[in-house]
Novice: 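Mind having a look at this structure? Questions to follow.
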Amino acid sequence: MPAVSKGDGMRGLAVFISDIRNCKSKEAEIKRINKELANIRSKFKGDKALDGYSKKKYVCKLLFIFLLGHDIDFGHMEAVNLLSSNKYTEKQIGYLFISVLVNSNSELIRLINNAIKNDLSSRNPTFMCLALHCIANVGSREMAEAFAGEIPRILVAGDTMDSVKQSAALCLLRLYKASPDLVLMGEWTSRVVHLLNDQHMGVVTAAISLITCLSSKNPDEFKTCVSLAVSRLSRIVSSASTDLQDYTYYFVPAPWLSCKLLRLLQCYPPPEDGAVKGRLVECLETILNKAQEPPKSKKVQHSNAKNAILFEAISLIIHYDSEPNLLVRACNQLGQFLQHRETNLRYLALESMCTLASSEFSHEAVKTHIETVINALKTERDVSVRQRAADLLYAMCDRSNAKQIVAEMLSYLETADYSIREEMVLKVAILAEKYAVDYSWYVDTILNLIRIAGDYVSEEVWYRVIQIVINRDDVQGYAAKTVFEALQAPACHENMVKVGGYILGEFGNLIAGDPRSSPLVQFNLLHSKFHLCSVPTRALLLSAYIKFINLFPETKATIQEVLRSDSQIRNSDVELQQRAVEYLKLSSIASTDVLATVLEEMPPFPERESSILAKLKKKKGPGAVTVELEDGKERGELNGGGDRGGDAAIAASNASTPSPSADLLGLRSTAPVSGTTPSAGSLLVDVFSEAGPSATSAGVNDDGFLSSAPPTVASEDPAPPLPESDELLNKFVCKNNGVLFENQLLQIGIKSEYRQNLGRMYLFYGNKTSVQFVSFNTTVSCPGELQSQLNVQTKTVEPLVEGGAQVQQVINIECLTDFIDAPLLNIKFRYGGALQNISLKLPVTINKFFQPTEMAAADFFQRWKQLSQPQQEAQKIFKASHGMDTEVLKAKLLGLGTALLENVDPNPENYVCAGVIQTKAQQVGCLLRLEPNAQAQMYRLTLRSSKDTVSQRVCDLLAEQF
């Protein structure tokens with residue numbers, strides 16, 4: 001092995017590194033490290049003062065040991081002392097050690113900040129750069145508080161050297177990303193913007209990164225940068241490669257700066273000044289022209305730099321969407337890349353054309369490449385490119401090419417990669433629905449879709465076809481005939497059975513005149529699939545059978561025999577057993593008229609957003625879906641309704657719907673249609689069932705927050721919270737569902753879910769009396785400081801609540817920062833002429849926004865030691881209020897929202913948990929330790945977090961649970 005380099009003459013360090021590398025085992029390495037640590041500790045504790053060289057050498061060794069994965073708990077003060085040295089190498093090692101090992105909570109931060117301030121005011125450019133690099137590397141809030149006002153002054157000072165300006169700009173960018181509320185540009189704004197005119201290209205490149213970030217958050221303050229950016233871009237684009245020799249990369253002048261300038265311009269609309277806009281259009285045309293020129297080099301670096309600028313320019317053209325000529329030229333340029341030998345270029349071209357397809361100016365130009373895109377879908381070897389090709393086909397689809405595109409996508413589905421099949425199915429379903437002028441084609445397409453990729457056809461898809469069939473009288477007979485034929489296949493997917501059972505149960509009478517599809521034939525065909533299906537599908541088929549008895553009385557005896565069989569009325573599944581018994585009894589004792597009333601056809605569904613489209617938005621992101629279902633008459637004629645079909649399918653079969661708790665914060669718009677009014681004895685049955693809330697999601701935007709319903713405003717003063725409000729709130733600290741409040745008149749149930757810093761809560765108000773509640777009104781308010789800590793949006797409730805009925809309210813919650821108090825819920829209504837005024841605390845507590853965090857034992861205790869400041873810890877010792885059952889304790893700790901860490905605490909009787917509280921402003925890490933003493937029936941609860949108010953609040957909440 002060659003000798004280790006003796007960098008900077010530190011021979012001892014070189015020998016130590018060589019010894020470590022020559023160790024034959026892990027044990028030998030640890031032994032050598034422990035020996036060295038003991039030596040360094042003795043040197044630091046010795047009476048003899050160490051010189052700068054020795055300190056530097058030993059600090060370097062500690063740094064190397066730390067990088068090998070060992071903990072270092074001393075040497076920090078020596079590293080801080082190195083900061084005061086006038087030698088570059090010693091100061092550099094000191095800053096390096098601090099950047100790597102010192103955390104923001106260290107007691108040494110004040111000393112470090114003083115040393116940094118001295119270096120920043122020294123006017124020595126090398127020392128200033130070291131200090132700025134350290135600030136950026138640590139990037140803590142304390143650093144931002146100390147230096148956010150100083151760094152802009154250094155950045156814009158006329159006597160600051162260019163290298164320092166570059167470091168200052170990037171350091172300020174780092175602090176702004178970490179603590180945007182502390183970095184206030186104010187008076188420096190215009191001077192920072194004018195750095196775009198700086199003579200030094202490195203300063204401009206660093207400054208534009210800062211300006212782009214600032215502009216994205218405060219566009220109005222920095223809008224003067226547009227003209228300067230266009231001017232600088234024009235100079236770069238029109239220059240020859242020799243003009244910017246130091247910043248030319250493989251014959252491309254300043255490619256990184258050009259890309260950054262084009263990205264900055266995408267933060268703003270097209271310039272209003274005609275001269276600036278004309279100059280920018282000229283720049284973009286020049287970039288497109290240069291893309292057509294033969295390459296000046298065959299090296300891949302040349303083409304990469306050239307194409308990077310081109311794609312950024314095309315992104316800007318798409319962003320403006322106001323220059324038809326440029327949009328068409330961009331589309332033609334991308335079309336050339338569709339057959340390029342470079343896979344990355346083909347991918348980027350397809351991705352950019354997806355966006356171009358949504359522009360009215362370039363849509364037709366994109367459509368000219370349809371054959372190339374279809375070929376890419378079939379022949380590309382890379383699955384990500386094939387997925388982009390499918391996205392582009394979806395985006396370019398319109399009435400003129402819908403049948404061709406849907407046919408090609410169906411054809412590709414048979415051999416498509418499993419990773420993209422579900423998305424392809426959704427897209428085919430949406431396109432077939434949007435562009436269906438012939439409803440028989442739509443039915444054929446969806447049934448074909450189920451046949452080809454049944455495993456990937458979600459419930460939303462077959463719900464949707466049922467909705468449309470029910471809303472269109474002219475397609476019902478064709479649908480029944482087609483699905484009957486599809487069910488005759490020997491291998492039939494379960495989703496096809498679901499559609500067949502539902503449609504034949506509703507419209508089987510339309511094809512019963514043909515002997516080949518007589519009622520008994522239909523029943524036998526469906527029942528032949530029964531034993532192969534899952535429980536929910538069997539439940540739906542049983543509902544179809546009882547519908548058959550209503551439609552075809554001649555099948556009654558046969559179906560009753562099936563319902564009477566042991567396999568049904570003695571089925572191990574409670575749902576199937578209950579249906580069989582109830583349907584058998586219904587068919588036996590009900591008169592023909594009663595049966596016809598109970599089992600009448602499903603009514604048409606109200607119009608709502610397509611649940612398929614909502615699912616695709618959720619899968620791809622709100623901004624990624626370019627095809628929207630058309631509004632107005634056309635949509636009403638085609639769909640009749642949006643979402644109710646699936647739920648109606650479930651309602652008809654009484655099968656359990658997917659729980660909305662799986663998607664409370666998502667974009668699902670399914671809403672079960674309430675059937676009969678619940679009785680007073682079962683007011684909250686749907687609170688605890690899997691069926692969940694039954695309110696429509698109309699008025700909910702893509703972020704899951706109510707878009708049009710502002711918080712309700714009380715017309716009279718609300719009552720003070722009930723004395724038992726705190727007790728009721730504490731019941732829900734470790735659970736999300738249950739009965740919040742109940743008296744002789746009113747029952748309030750709650751069901752909620754939280755994800756990161758967002759929450760959605762469903763409140764169920766049940767009228768326990770037989771008399772109407774009139775003027776029913778609810779208000780949610782955030783008292784005092786809570787207004788700036790929580791963002792609460794509510795949807796209004798119906799002012800009239802019938803006796804024995806239940807109404808529901810949706811509340812969306814956004815946690816802005818940590819909080820202590822709870823929002824107040826005020827309910828007012830008139831019962832028998834008397835005003836009822838009730839105020840409660842909503843069970844929204846800080847622990848609801850916990851994100852569980854798994855940690856190893858070493859990581860847990862390392863973090864536990866780091867959170868050692870007195871204000872970071874909250875502790876309570878208290879008597880047990882309930883039995884000390886292990887499983888109950890675990891359930892409550894998990895219900896708190898943290899991760900329960902097994903085999904971490906040395907004492908197996910103790911419990912430790914970890915989690916991060918997610919707020920919009922910051923993330924607060926929390927560690928928890930619960931030490932039960934079964935003999936004394938006592939607990940010791942210790943909470944440590946990076947924020948003192950959080951530690952105390954969580955500790956107080958949890959102590960009430962045991």
Side-chain angles (χ1 to χ4, degrees), residues 219 226-227 229-230 233-234 236-238 255 258-293 306-340 344-374 376 385 388-402 405 620-621 623-628 630:
V226 173
S227 58
V230 171
L233 180 66
S234 177
I236 294 172
V237 169
S238 59
S258 299
C259 289
K260 286 174 181 284
L261 287 165
L262 289 163
R263 203 166 295 148
L264 171 61
L265 291 171
Q266 291 174 49
C267 296
Y268 293 92
E272 296 177 0
D273 188 318
V276 176
K277 186 174 182 180
R279 195 171 183 184
L280 178 56
V281 169
E282 188 181 324
C283 289
L284 295 172
E285 287 177 341
T286 304
I287 293 171
L288 292 174
N289 291 337
K290 284 187 176 181
Q292 300 290 341
E293 295 174 1
K306 193 174 171 182
N307 291 330
I309 297 171
L310 174 63
F311 277 102
E312 209 61 64
I314 290 174
S315 294
L316 181 60
I317 292 169
I318 294 170
H319 171 71
Y320 285 165
D321 195 21
S322 60
E323 295 292 330
N325 180 47
L326 287 177
L327 284 162
V328 172
R329 285 196 61 188
C331 182
N332 293 336
Q333 180 63 53
L334 292 172
Q336 295 177 21
F337 287 143
L338 290 180
Q339 295 176 309
H340 199 279
N344 288 340
L345 281 180
R346 296 197 300 275
Y347 178 92
L348 291 170
L350 289 165
E351 189 175 49
S352 298
M353 287 183 83
C354 284
T355 317
L356 276 173
S358 62
S359 170
E360 59 178 312
F361 301 117
S362 55
H363 183 76
E364 291 301 320
V366 172
K367 281 167 57 180
T368 61
H369 301 284
I370 185 170
E371 295 300 332
T372 308
V373 178
I374 289 172
V385 181
R388 291 288 82 80
D391 290 343
L392 180 52
L393 284 175
Y394 174 76
M396 69 167 63
C397 189
D398 60 19
R399 295 205 178 279
S400 65
N401 57 18
I405 288 177
K620 299 286 283 181
V625 181
T626 56
V627 175
E628 296 288 344
E630 296 169 4

Novice: With heavy-atom distances below 4.5 Å as the criterion, would you say the side chains of Leu265 and Leu233 are in contact?
Specialist: yes

Novice: For Ala389 and Val373, which heavy atoms make the closest approach, and how far apart are they?
Specialist: O-CG1, 3.5 Å

Novice: Heavy atoms, side chains only, cut-off 4.5 Å: are Ile287 and Glu312 in contact?
Specialist: no

Novice: What is the minimum heavy-atom distance between Ala349 and Phe337, and which atoms define it?
Specialist: CB-CB, 3.7 Å

Novice: Kindly write out the residues that satisfy ring pair (Phe, Tyr, Trp, His ring centres under 6.0 Å) with Tyr320, not counting sequence neighbours, or none if the list is empty.
Specialist: none

Novice: Can you establish whether the number of heavy atoms outside Glu293 located under 6.0 Å from its atom CD is more than 12?
Specialist: yes

Novice: How far does CG of Leu310 sit from OG of Ser258, to the nearest 0.5 angstrom?
Specialist: 12.0 Å

Novice: When you compare the side chain of Lys367 with that of Asp398, does any pair of heavy atoms fall below 4.5 Å?
Specialist: yes

Novice: Going from CG on Leu392 to SG on Cys397, what distance comes out if it is rounded to the nearest 0.5 angstrom?
Specialist: 11.0 Å

Novice: Salt bridge check: are Arg279 and Glu282 linked by an N-O gap of less than 4.0 Å?
Specialist: no

Novice: Output yes when a side-chain donor or acceptor of Lys290 lies under 3.5 Å from a complementary backbone atom of Val237, and no otherwise.
Specialist: yes

Novice: Report yes if some heavy atom in the side chain of Met353 is under 4.5 Å from a heavy atom in the side chain of Arg388; otherwise report no.
Specialist: no

Novice: Quick check for you: to the nearest 0.5 Å, what is the distance between His363 atom NE2 and Thr368 atom OG1?
Specialist: 11.0 Å

Novice: Mark yes or no for whether His319, through its side chain, and Gln266, through its backbone, hold a donor-acceptor pair below 3.5 Å.
Specialist: yes

Novice: Identify the two heavy atoms, one from Arg346 and one from Leu338, that lie closest to each other, and give their separation to 0.1 Å.
Specialist: CD-O, 3.3 Å

Novice: Is there side-chain contact between Ile236 and Leu261, with at least one heavy-atom pair below 4.5 Å?
Specialist: yes

Novice: Does any non-hydrogen side-chain atom of Pro271 lie less than 4.5 Å from one of Leu280?
Specialist: yes

Novice: How long is the gap from CD on Glu364 to OG on Ser400, to the nearest 0.5 Å?
Specialist: 6.5 Å

Novice: Are any of the side-chain heavy atoms of Arg329 and Asn289 separated by less than 4.5 Å?
Specialist: yes

Novice: Measure across Gln333 and Leu288 and return the closest heavy-atom pair with its distance rounded to 0.1 Å.
Specialist: OE1-O, 4.3 Å

Novice: Would you give the length of the straight line joining atom CG of Leu327 to atom OG of Ser322, rounded to the nearest 0.5 angstrom?
Specialist: 7.5 Å

Novice: Looking at Glu323 and Lys277, is any side-chain nitrogen of the basic one under 4.0 Å from a carboxylate oxygen of the acidic one?
Specialist: yes

Novice: Which value, rounded to the nearest 0.5 Å, describes the distance between Leu348 atom CG and Leu334 atom CG?
Specialist: 9.5 Å

Novice: Asp273 vs Val226, test: side-chain contact (heavy atoms from CB on, under 4.5 Å). Steps then yes/no.
Specialist: CA-CA 10 Å; Asp273 188 318; Val226 173; over 6 Å; no

Novice: Would a 4.5 Å heavy-atom cut-off, applied to side chains only, mark Val328 and Phe361 as touching?
Specialist: no

Novice: Determine whether a donor-acceptor pair (N or O, by modelled atom type, separation under 3.5 Å) exists between the side chain of Ser358 and the backbone of Thr355.
Specialist: yes

Novice: What are the two closest non-hydrogen atoms of Gln292 and Gln336, and how far apart are they?
Specialist: NE2-NE2, 3.4 Å

Novice: Do you know which two heavy atoms are closest between Phe311 and Ser352, and how far apart they sit?
Specialist: CD2-OG, 3.8 Å

Novice: Checking side-chain contact (heavy atoms from CB on, under 4.5 Å) for the pair Leu326/Ile314: CA distance, chi angles, key distance, verdict?
Specialist: CA-CA 9 Å; Leu326 287 177; Ile314 290 174; over 6 Å; no

